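So the structure is just underneath, and the comments pick up after that.
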Amino acid sequence: MRFTKAYIPTTKESPKDAQLPSHIYLSRAGFVAQVASGLYNFLPLGKRVLRKIETIINEEMAKCGALEVDLSFVTPAELWQESGRIEKFGKELLRFRDRKDNLFVLGPTHEEMMVSIVRNRVTSYKQLPLNVYQVKTKFRDEARPRFGLMRAREFVMKDGYSFHASTEDLDREFDAMEAAYKRVLERLGLTFRIVEADSGAIGGTGSKELMVLAESGEDTLAVCDTCEYGANVEAARRAPRSVIPEAPQADFARFKTPNIKSIEDLSGFFHVDPYYTLKAVVQRAVYTEGSELVCFFIRGCDELQEVKARNSIGAIDLVDATEAELAEIGLVPGFIGPLDQDKIRIVMDNDVRGATHMICGANEADYHFVGVDLNVMNESPFADLTAVQVGDGCPHCSGKLLHTKGIEVGHIFKLGTVYSAPLKAEYLDENGRSQPFIMGTYGMGVSRLVAAVIEQHHDEKGCIWTHATAPYLVNVMVSNIKEESHMAYAEELYASLQARGIETIFDDRKERFGFKMSDAELIGFPFTVIVGKELENGQVQILIRATREIITVEAADVLAKIEELSR
RNA sequence: CGGGGCGUAGCUCAGUAUGGUUAGAGUACUUGGUUUGGGACCAAGGGGCCGGAGGUUCGAGUCCUCUCGCCCCGACCA
């Protein structure tokens, strides 16, 4: 492609609405242009990157025997009513009516549609397994789109769905998809981590997220400094504590603790480690229908992890309880304990099961119990409720957990029969019995990956594309197009690079050296061959974008050098 | 959906507290000339419903009311 024939509108200034590096540079370098909140146009360069990522995904899917399909973007609302997700998705589902007044939605994900294309067609276990996918525009009417392409309303996602006759076969496919996704990210040249994730209210037996590591990531991950273990903090686990503080010696007693309400005050008052105090966190749990107050008990040294807490009781949402709500049911903030009270539903953290030497509220103003043996609570519900903290032990090895930020570019789920059962998507097993499909689902954010590459690879000059994602691998730049011999050499080099199948752009614009260099760095081609005054000595230079190093090579050896560098 | 901010040339922004010539700058664009290794210089041009509607006023980019859009923080985000 000749620059003079291309459409690459670069700008010196960044759009005022852009905050993130990916948003700023993708806009400035002419890859994308914003249309409205959460809506973007992909310009020629952006489209090339998108297609490259898509191609790599398609190639890896083909290796796994997954079949590409293309489902309608506009989907009848009935399907969503059938699965019950029309309410669940709420306003994120963009709905509208056609001329005949039928209700439709723009597909935000395609579980329902995918199930509908196999149900009543795939009818026998002999036709299983089946893995179908598409790379398609999705639309979610997000309450607050932000961060440029990272959280757009309209975006491109690869969504795949597999159908199985057994959980063992689903497990096999799930592992195969994890491996395929890993290969995709490796080929794209990204640094990433595959982490355990919260499966959410959608259920299923397991899910993993693919996280591209970047400062600007929206998700916090707990990762082991030694082994491969990583998890979204929403789902992270930790090893049992290795260092247990010395236990306070006290017989069970009710103790006057005037105005001692916080864990800090309490541990100070009794001179005990917060480990031996019991923290009560009261939340109003909101369900599909109705709500109730729930008290979560965890050790004083721990923090409640909200997603875990929510999952432990199947709530949709948790909101802080007000003092008035507590007073209404007769609880005194600061003095709430699990013993001898039936005023509120409680959930205990796994780590306090059988705990002894504890201090907890006595459910009476200005009184705590000391020397509590929580074995008396063994009949109450327990769950993992706590957030892992930096320095906690890895659950798989002797390493320590660290926190890092990630961009979620993929999420794979073992769905089981969550969709197939309500949608009555069934097949006949060996015994002629009707069974719902056992399903898996595998998503990858294609347009988000475009942004993720830049979040992970950029500098103060602009984009730094990896070899696999670059819109063009090589930029042949003539510093002064009036020099006929320079142009002649560049034309020849351009032709021979193309003949070798190397994607090349030829900067033949009538611009000054500095202007073209800045553009080359802003756009971020991996290699820019500078054809200029060095040619008098039979040499040209190559700018290596990643390091901004400029190397001088013999004019005759450029092709070989590029091939060597790009290997 | 709560809180905050911003809408003026393709882009980035002045101008709005205190209403008053023909609404400005930089950049980008067009033409001519001089330049040619890190976003050059000179000259001449084109480009605006001052987000929209209503109001106050002799007069509104500027004041009032309503609205629409965009961004940020939070809530939300299978």
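None of these values were measured; they are calculated from a predicted model. All values below come from the heavy atoms of this structure, side chains included, with hydrogens, waters and symmetry mates left out. The sequence lines fix the lettering, A, B, ..., with proteins before strands; numbering per chain opens at 1.
Atom NZ of A/K461 is separated from atom C1' of B/G38 by 7 Å (rounded to the nearest Å). Remark: C1' of B/G10 and CG of A/L43 are 14 Å apart, rounded to the nearest angstrom. Atoms CZ (A/R310) and C1' (B/A75) sit 11 Å apart, rounded to a whole Å.
Scanning for side-chain hydrogen bond (donor to acceptor under 3.5 Å, both in side chains) contacts around A/E511 gives an empty result, with sequence neighbours left out. Judged as a side chain to side chain contact (heavy atoms under 4.5 Å, CB included), and not counting sequence neighbours, the contacts of A/Q539 are A/E534, A/N537, A/T552, A/E554.
When both pairing distances are held under 3.5 Å, B/C1 makes a Watson-Crick or G-U pair with B/G74.
Distances shown here put every side-chain N or O of A/S14 at or beyond 4.0 Å from the OP1 or OP2 atom of B/C11. Taking side-chain N and O atoms only, A/Q541 has no distance below 4.0 Å to OP1 or OP2 of B/G37.
Defined by atom type and a distance below 3.5 Å, a donor-acceptor pair is missing between the side-chain atoms of A/Y419 and A/S83.
Using a 4.5 Å heavy-atom threshold, the side chains of A/S312 and A/L385 count as touching.
B/A9 and B/C73 are spaced 26 Å apart, taking the P atom of each and rounding to whole Å. Comparing B/G48 with B/G10, their P atoms are spaced 7 Å from each other, to the whole Å.
Between A/F513 and B/G37, a base-stacking contact is recorded: ring centres under 5.5 Å apart, planes less than 30° from parallel.
The listed nucleotides are B/G37, B/A40, B/U12; the one nearest the side chain of A/R512 is B/A40.
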